[in-house]
There are 2 protein chains.
Amino acid sequence: MNISKTEQIILNILWDKHPLSVSAVIENVTKTQHWHDNTIKTLLTRLVKKGALKRFKQDKKFVYEPLISRDEIISKESEGFLDQFFGGKMAPLVAHFAQHKKLSKKEIQDIKKILEDMEKNDD
Amino acid sequence: MNISKTEQIILNILWDKHPLSVSAVIENVTKTQHWHDNTIKTLLTRLVKKGALKRFKQDKKFVYEPLISRDEIISKESEGFLDQFFGGKMAPLVAHFAQHKKLSKKEIQDIKKILEDMEKNDD
DNA sequence: ACATTTCAACTACAACTGTAGTTTAATTTT
DNA sequence: AAAATTAAACTACAGTTGTAGTTGAAATGT
C-alpha cells in the first residue's frame with residue numbers, strides 16, 4: 001500500500017481522532033489546507049479503496065477511521081527515508097539537522113535523554 | 001522542483017561521483033535496481049528537463065552531473081518528512097527509532113557525540 | 001564504404017495523483 | 001408531500017511516474 005502526500009494529511013488527522021464524519025474531516029483539513037470539499041472526499045474514498053481507512057454509518061452518516069496504524073506507516077516511511085538520504089543511519093540525519101541549526105537547546109536535551117534512557121534499559 | 005523516488009536513486013549516484021556517462025550510471029544503478037536500460041535513460045532525461053541534472057559531451061558521449069546539491073534536496077525532504085510524521089521535531093523521530101530498537105550502541109554514541117559537540121560550539 | 005554495434009531521441013501507455021465538477025439519493029424544513 | 005439542503009456517488013481530466021519499446025544517428029570494425 002502506498003500513501004500519497006495528500007492522503008497522508010488525511011490519515012494524520014484520523015490518527016489523532018476517530019472515527020470522524022466527512023464534515024469533521026473537512027473541517028480539520030481545511031484548517032491547514034485550502035482544498036475543495038470534493039477533493040477531500042475523493043481522498044477519503046481512495047484511502048478506503050486502498051484499505052487504509054474503513055468507514056461505516058453512524059447516525060445516518062458515514063464516519064471514517066484508520067485501518068493501518070500510524071506506527072506501521074511511520075516505520076515504513078522512516079526507513080525508506082533514512083535509506084534514501086542517509087544510508088539508513090540516524091547519526092548522519094542528526095548531524096544534518098545539527099549543522100543546519102535546526103535543533104533547539106531543549107531538543108538536544110530531549111534527544112540525549114531518550115538516548116540515555118535507552119542505554120539504561122538495555123536489553 | 002519535485003524529484004520522484006526513482007529519480008532520487010539516480011541523483012544519489014551522481015552526487016557520489018560525477019560526471020558519469022550513461023553507461024556508467026546504468027552500471028551503478030543496476031547494482032541495486034533491476035531496471036531496464038531505457039528506464040534509466042528516461043529518468044536521466046527527465047532529470048535534465050527538470051533542471052536537476054545537466055549533461056554535456058565528453059569524449060563524444062554525454063555525461064551527466066547534478067545541478068542541485070544533495071544538501072538542498074535533503075533539507076527540503078527532511079523538513080517535509082519531519083513535519084509530516086513527527087510534527088517537525090527530531091526528538092520524536094529519535095524516540096521512534098529508539099523504541100523500535102533500530103539504534104545500535106555505536107550509533108547511540110555517535111549521535112550523543114554530535115549533540116555534545118553541538119552544545120560546545122554553541123553560537 | 002558497408003555492416004555492425006552503440007548511442008541517443010522519440011514514442012507509448014497504464015496507474016497514480018491532485019484537483020475538482022456533476023448527478024443522484026437521502027434528510028430536513030416549511 | 002414538495003422544496004430545499006446535505007450527503008454520497010460517479011465522472012473527469014491533465015500531469016507525473018514507472019516502465020519500457022521503436023526508430024534514427026553516430027561510431028567502429030572489417
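Below, read A as the first sequence line, B as the second, and so on, with proteins coming before strands; counting in each chain starts at 1.
Between A:Glu79 and A:Gln84, the side chains place no donor N or O within less than 3.5 Å of an acceptor N or O (distance only, hydrogens not considered).
A salt bridge links B:Asp110 with B:Lys106; the closest basic N to acidic carboxylate O contact falls under 4.0 Å. A:Arg46 has no carboxylate O lying under 4.0 Å from a charged side-chain N of A:Glu7, or vice versa, which leaves the two without a salt bridge.
One can place CD of A:Gln8 at 16 Å from C1' of C:dC16, the figure rounded to the nearest angstrom. Look at CZ on A:Arg46: it is 18 Å from P on D:dA8, rounded to the nearest Å. For B:Ile40 and D:dG18, the CD1 to C1' distance is 13 Å, given to the nearest whole Å. D:dA8 atom C1' lies 7 Å from atom NZ of A:Lys41, rounded to whole Å. Whole-Å rounding puts the A:His36 NE2 to C:dT19 P distance at 13 Å. The distance from atom CG of A:Leu44 to atom P of C:dG18 is 14 Å, rounded to the nearest whole Å. What separates CG of B:Asp37 from C1' of D:dG21 is a distance of 13 Å, to the nearest Å. Atom pair B:His34:NE2 and D:dG18:P shows a separation of 17 Å (rounding to whole Å applied).
Across all strands, B:Lys50 comes closer than 4.0 Å only to sugar-phosphate atoms, never to a base (heavy-atom distances). In this structure, A:Thr45 reaches neither bases nor backbone, as no heavy-atom distance under 4.0 Å exists between it and the strands shown. A:Thr39 comes within 4.0 angstrom of a nucleotide base, judged by non-hydrogen atoms across all strands.
Counting only heavy atoms from C-beta on, B:Thr6 has its side chain closest to D:dG18 among C:dG21, C:dT17, D:dG18. Checking C:dG18, C:dA9, C:dT19 against every side-chain atom of A:Lys5, the shortest atom distance belongs to C:dG18.
To the nearest 0.5 Å, atom CG of residue A:Leu53 and atom CG of residue A:Leu67 are 7.0 Å apart.
At C:dC16, none of the side-chain N or O atoms of A:Ser4 fall inside 4.0 Å of OP1 or OP2 (strictly under the cut-off).
Annotation: side-chain contact (heavy atoms from CB on, under 4.5 Å) contacts of B:Ile73 (sequence neighbours excluded): A:Phe85, B:Ile3, B:Gln8, B:Trp15, B:Ile68, B:Glu77. Partners of A:Asp16 according to the side chain to side chain donor-acceptor pair (under 3.5 Å) rule, which considers only residues two or more places apart in sequence or in another chain, are A:Arg70.
The residue among A:Ile3 and A:Thr42 whose nearest nucleotide of DNA chain C lies closer to the 5′ end is A:Ile3.
The other residues sharing a hydrophobic cluster with A:Phe56 are A:Val63, where clustering joins ILVMFWY side chains under 4.5 Å apart.
Heavy atoms only, all atoms of each residue included: A:Ser4 and A:Lys50 are closest at N-NZ, 4.3 Å.
Comparing the axis of the opening five pairs of the helix from C:dA1-D:dT30 to C:dT30-D:dA1 with that of the closing five pairs yields an angle of 10°, rounded to 10°.
In this structure the side chain of A:Ser78 reaches within 4.5 angstrom of the side chain of B:Phe86, judged on heavy atoms. Contact check for A:Leu93 versus B:Leu93: side-chain heavy atoms found under the 4.5 Å cut-off. Between B:Ile40 and B:Gln33 there is no side-chain heavy-atom pair separated by less than 4.5 Å.
Judged by atom type and distance alone, A:Asn2 does not reach the base of D:dT17 through any side-chain donor-acceptor pair under 3.5 Å.
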Assess the residue pair A:Lys112 and B:Glu116 against the criterion (salt bridge (Lys or Arg N to Asp or Glu O under 4.0 Å)); give the C-alpha distance rounded to whole Å, side-chain angles, the decisive distance to 0.1 Å, and a yes or no. CA-CA 9 Å; A:Lys112 277 174 71 178; B:Glu116 274 150 23; 3.7 Å; yes

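For DNA chain D, none of the residues of residues 20-27 of chain B falls under the heavy-atom distance limit of 4.0 Å. Near DNA chain D, meaning a heavy atom under 4.0 Å from it, residues 53-65 of chain B has B:Lys60 in order of number.
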